[in-house]
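To start, the structure itself, in structure tokens.
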Amino acid sequence: RGIRVMEKLDMPGQHLLTADNAVVTLKLKPLLERRLEMGAVKLVSPYIQLIRNRRGEWNIADIFTSARSARSAAGGRFALPISLAADSTVIEGGVLEIDDRLKGTNYHFEKLNLTLRKFDLARPFSLAGSFQNVNTMAGKTIETSCSFDGSMSLAGFDWPNSYFRAQQFEFAVDGNVLKGSGGFSN
């Protein structure tokens, strides 16, 4: 209960992530081989703040390394990888804020539900999710929601090679619904 992941000292902001609850399962075989690998991570009601500073560096770049590429750190008698990658990562009822200070943009997603399967920085992984938002523009309240099921590649943060593909999506604005499939890349 009351999980908080502090921000790096050279990054703006105080917390990368806060959550009411977190459940983490560890894989037994790697643990017996003196490695720490997570089977599943579940975050309940998290607030996640992703920031790209003016130098173009993301606050998650050195945190979400894949299990295969994780660095090791001394941890008692074990050499433990520094990684939050897991076979399954689930976010329930979260808030995601993306603050891109290099481009001067800010995005805010509420009621975020997200499942990442076999997350990897360098290779494609599957994901499913949904979010809802209520915004006010020019005095008018606009309700939006989105759900999707697809795949994504972060291409090791090599953005020209990254992509998102939705095998199916549903996007609604004030009750007007658009369904389909599609994707985008840099």
Side-chain angles (χ1 to χ4, degrees), residues 3 5 13 15-25 38-52 58-61 63-64 66-67 84-186:
I3 304 296
V5 177
H15 297 101
L16 168 69
L17 178 141
T18 60
D20 291 345
N21 284 311
V23 177
V24 177
T25 61
M38 293 182 230
V41 174
K42 181 177 180 181
L43 301 173
V44 179
S45 301
Y47 177 84
I48 303 164
Q49 186 178 33
L50 304 181
I51 299 173
R52 180 163 66 166
W58 287 95
N59 62 343
I60 61 167
I63 293 177
F64 274 101
S66 70
L84 295 180
D87 288 344
S88 172
T89 303
V90 176
I91 296 171
E92 287 185 358
V95 173
L96 172 63
E97 182 177 352
I98 302 172
D99 183 0
D100 189 339
R101 295 178 181 193
L102 182 65
K103 290 187 175 180
T105 57
N106 189 289
Y107 304 96
H108 190 86
F109 303 93
E110 296 179 2
K111 297 182 182 176
L112 175 71
N113 297 297
L114 184 65
T115 300
L116 306 175
R117 295 180 270 320
K118 302 285 187 189
F119 175 84
D120 195 305
L121 272 179
R123 299 173 193 210
F125 56 92
S126 62
L127 71 162
S130 64
F131 64 87
Q132 297 176 353
N133 264 342
V134 176
N135 292 303
T136 303
M137 296 177 78
K140 181 178 184 266
T141 300
I142 300 170
E143 295 181 27
T144 60
S145 65
C146 181
S147 62
F148 58 87
D149 192 359
S151 61
M152 181 175 209
S153 174
L154 297 175
F157 291 120
D158 179 17
W159 298 119
N161 293 311
S162 63
Y163 65 83
F164 170 75
R165 295 184 184 125
Q167 281 72 33
Q168 58 184 358
F169 71 84
E170 182 174 304
F171 184 72
V173 178
D174 286 338
N176 299 306
V177 178
L178 173 66
K179 295 182 181 183
S181 63
F184 58 88
S185 58
N186 196 5

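The structure displayed is predicted, hence computed values, not measured ones.
To the nearest 0.5 Å, atoms CG (Asn133) and OG (Ser145) are separated by 9.5 Å. Summarising the geometry, atom CG belonging to Leu102 is positioned 13.5 Å from atom CD1 belonging to Ile51; distances are rounded to the nearest 0.5 Å. Atom CG of residue Leu112 and atom OG of residue Ser130 lie 7.0 Å apart, to the nearest 0.5 angstrom. Note that the NZ atom of Lys42 and the OG1 atom of Thr115 stand 9.5 Å from one another [nearest 0.5 Å]. From Thr105, atom OG1 reaches atom CG of Asp100 across 4.0 Å, with rounding to the nearest 0.5 Å.
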How far apart are the C-alpha atoms of Ile3 and Leu43, what are their side-chain angles, what is the distance that settles it, and do they pass the side chain to side chain contact (heavy atoms under 4.5 Å, CB included) test? CA-CA 9 Å; Ile3 304 296; Leu43 301 173; 5.6 Å; no

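Here the side chains of Leu16 and Leu50 are in contact, with some heavy-atom distance below 4.5 Å. Here the side chains of Arg123 and Lys118 are not in contact, with every heavy-atom distance at 4.5 Å or above. Using a 4.5 Å cut-off on side-chain heavy atoms (C-beta onward), Ile98 and Phe109 make contact. For the pair Asp99 and Tyr107, the minimum side-chain heavy-atom distance is 4.5 Å or more. Side-chain atoms of Val95 and Phe131, non-hydrogen and from C-beta on, never get closer than 4.5 Å to each other. Looking at heavy atoms from C-beta onward, Leu96 lies out of side-chain contact with Leu114 at the 4.5 angstrom threshold.
Here the closest non-hydrogen pair linking Gln49 and Asn59 is O-ND2, 2.9 Å. For Ala122 against Asp120, the heavy-atom pair with the smallest separation is N-OD1, 2.8 Å. Between Thr89 and Ala86, the closest heavy-atom pair is OG1-CB, 3.9 Å. Between Ser162 and Ala155, the shortest heavy-atom distance links the atoms N-CB, 3.8 Å. Smallest separation of non-hydrogen atoms from Ser45 and Asp20: CB-OD2, 3.3 Å. Closest approach of Glu92 to Asn113, counting heavy atoms only: CA-OD1, 3.4 Å.
With sequence neighbours excluded, the residues forming a ring-ring contact (aromatic ring centres under 6.0 Å, His included) with Phe125 are Phe119, listed by chain and number. Residues forming a salt bridge (charged side-chain N to carboxylate O under 4.0 Å, His left out) with Lys111 (at least two apart in sequence, or on another chain): none. Residues that satisfy the ring-ring contact (aromatic ring centres under 6.0 Å, His included) test with Phe169, not counting sequence neighbours, are absent from this structure. In this structure, Gln168 has no side-chain hydrogen bond (donor to acceptor under 3.5 Å, both in side chains) partners at least two apart in sequence or on a different chain.
Using bins of under 30°, 30° to 60° and over 60° for the plane-to-plane angle, the ring pair Phe184/Phe164 lands in the tilted bin. Taking the six-membered ring where the residue is Trp, His108 and Tyr47 present tilted rings, their angle falling between 30° and 60°.
Identified under the salt bridge (charged side-chain N to carboxylate O under 4.0 Å, His left out) test for residues 146-166, with sequence neighbours left out: Arg117-Asp149. Under the salt bridge (charged side-chain N to carboxylate O under 4.0 Å, His left out) criterion, the residue pairs touching residues 173-186 are Lys140-Asp174, Glu170-Lys179, with sequence neighbours excluded.
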